[in-house]
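The structure under discussion appears below in the form of structure tokens.
We name chains A, B, ... by the order of the sequence lines, and we start the count at 1 in each one. All values below come from the heavy atoms of this structure, side chains included, with hydrogens, waters and symmetry mates left out.
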2 protein chains.
Amino acid sequence: MNQQTALLYGRKYAGSASHRAECRELPVKIIRVREAFMALFRGAFQEVELTDPQWRVLRVLSTVDEIDTAALAERAILLGPSLTRILRDLDQRGLVTRRSSRLDARRSLHSITPEGLRIIDEIIPRFDPFYQSLARRMDQGDVAQLGALLDMLLDNLDAAIKDSEE
Amino acid sequence: MNQQTALLYGRKYAGSASHRAECRELPVKIIRVREAFMALFRGAFQEVELTDPQWRVLRVLSTVDEIDTAALAERAILLGPSLTRILRDLDQRGLVTRRSSRLDARRSLHSITPEGLRIIDEIIPRFDPFYQSLARRMDQGDVAQLGALLDMLLDNLDAAIKDSEE
DNA sequence: CCCAATTATTTAACGCGTTATCTATTATCG
DNA sequence: CGATAATAGATAACGCGTTAAATAATTGGG
């Protein structure tokens, strides 16, 4: 039923407690789930000719009045160079605008245009069937617990990253 | 503590059962967890000058005698065109070899070289500290449950994708 | 047997992820 | 003040993800 989610990022734990190998299966599962989500949304994005990262930028801009580049990158989960390219393209399509800050000329402040907002309003309802389909299949308690466990994993990964940076 | 994992892929559920919005937070959480895993492993990959997808290819090849392109793509979680490029590069570095099948000349059969195996043996122990660090922080029952919930989510996403393709 | 349909793989094109580097602007400290 | 450090953002380079189209080999129906 499930695709192959074999161990890729390590070896099976050689010690006595074989359940400790579980951690090592998480990266592959995360990769596969991410791809499945993207595959699910791809059609909706294509209908409005946006990519997933472009969508995230517009989505963040639709929730604020203005926002500077660094904050936009953080909230849209993008690195600076990706965001620069995306803003250039969205600007050319007339979906976003920018002005530079008068307090600090290094900063740009970005906002969404009415046309950008129109696209947002058009696409958001298209997500509904996917979530409804998912909610029909999955127990809501499981979903809530999965969310909590992912938050916990994220916190622990961040801590492990900080550890390994020393 | 946690990074911003705001809603990006839909709107808050407007109905009476507000917990139904939970599903809509999963994509962002998955994206962030994936990035955290990659950040954790990146240093280890750089030490042997492999990218993460290149690593996955070598890792699969280290577990089999020979394997054809399509099966390798499935097991390394790659699409054909990515795999073609990666095999070309790994071949140039002498880490993999290929021969074409005598039964079906369209097929290639790939295998890892001794030098490729040497890199595998060098890098695998480097993952251990990361998993140990993670296992120290997380309850093993939580990890097992997270794995099971991710499997369930993956199955349901695949089913939802099939639904929406009609 | 032959030719159309199918299958395995590659190529091409475009956008994103990542790192390193560059430019412009602001802040700091003597 | 003025030189230097720090910061915001852009650019360049390289590899991967995705789609569409091309190539080559095989299969199957007439």
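Put simply, CG on A:Leu87 is 14 Å from C1' on C:dG15, counting in whole angstrom units. Atom-to-atom, CG of A:Asp68 to C1' of D:dT7 comes out at 12 Å; the value is rounded to the nearest Å. Straight-line distance from the CG atom of A:Asp89 to the C1' atom of D:dA10: 14 Å, rounded to whole Å. The interatomic distance linking A:Leu83 (CG) with D:dA8 (P) rounds to 14 Å, in whole Å. Remark: C1' of C:dT10 and CG of B:Leu79 are 14 Å apart, rounded to the nearest angstrom. The CG-P distance, from B:Leu50 to C:dT18, rounds to 17 Å in whole Å. Rounded to a whole Å, the CE atom of A:Met38 is 18 Å from the P atom of C:dG15. Across the protein-nucleic acid pair, A:Arg107 atom CZ and C:dA27 atom P stand 10 Å apart, rounded to whole Å.
On a pure distance criterion of 3.5 Å, a polar donor-acceptor pair joins the side chain of B:Arg85 and the base of D:dG17. At a cut-off of 3.5 angstrom, the base of C:dT9 holds no donor-acceptor pair with the side chain of B:Arg106.
The two residues B:Pro125 and B:Asp121 have their closest heavy-atom pair at CD-O, 3.1 Å.
Listed pair A:Arg42 / D:dT19 meets the phosphate criterion, a side-chain N or O lying under 4.0 Å from OP1 or OP2. The side chain of A:Gln46 contributes no N or O atom lying less than 4.0 Å from OP1 or OP2 of D:dT18. Contact check, B:Thr51 against D:dC16: a side-chain N or O comes under 4.0 Å of OP1 or OP2. Within the structure, every side-chain polar atom (N or O) of A:Thr84 is placed at least 4.0 Å from both OP1 and OP2 of D:dG9.
Residue contacts for A:Arg98: at a heavy-atom cut-off of 4.0 Å it reaches the sugar-phosphate backbone alone, with no base atom in range. Within 4.0 Å of B:Ser82, counting heavy atoms only, lies at least one base atom of the nucleic acid. Backbone-only contact: A:Ile86 has heavy atoms under 4.0 Å from sugar-phosphate atoms and none from a base.
When side chains are defined from C-beta on, A:Leu153 does not count as touching B:Arg137, because their heavy atoms never get closer than 4.5 Å. Side-chain contact between B:Gln54 and B:Arg93 is present, with heavy atoms from C-beta onward closer than 4.5 Å. Proximity of B:Met152 to A:Met138: side-chain heavy atoms (C-beta onward) are separated by under 4.5 Å at one or more points.
When each of A:Leu78 and A:Leu103 is assigned the nucleotide of DNA chain C with its nearest heavy atom, A:Leu78 is the one assigned upstream, toward the 5' end. Toward the 5′ end of DNA chain C lies the nearest nucleotide of A:Arg56, the other residue of the pair A:Arg56 and A:Asp104 mapping further downstream. Residue-to-nucleotide proximity on DNA chain D shows that, of B:Arg102 and A:Pro81, the 5′-proximal contact is made by A:Pro81.
Below 30°, between 30° and 60°, or above 60°: for A:Phe127 and A:Phe45 the angle between ring planes is above 60°, a perpendicular geometry.
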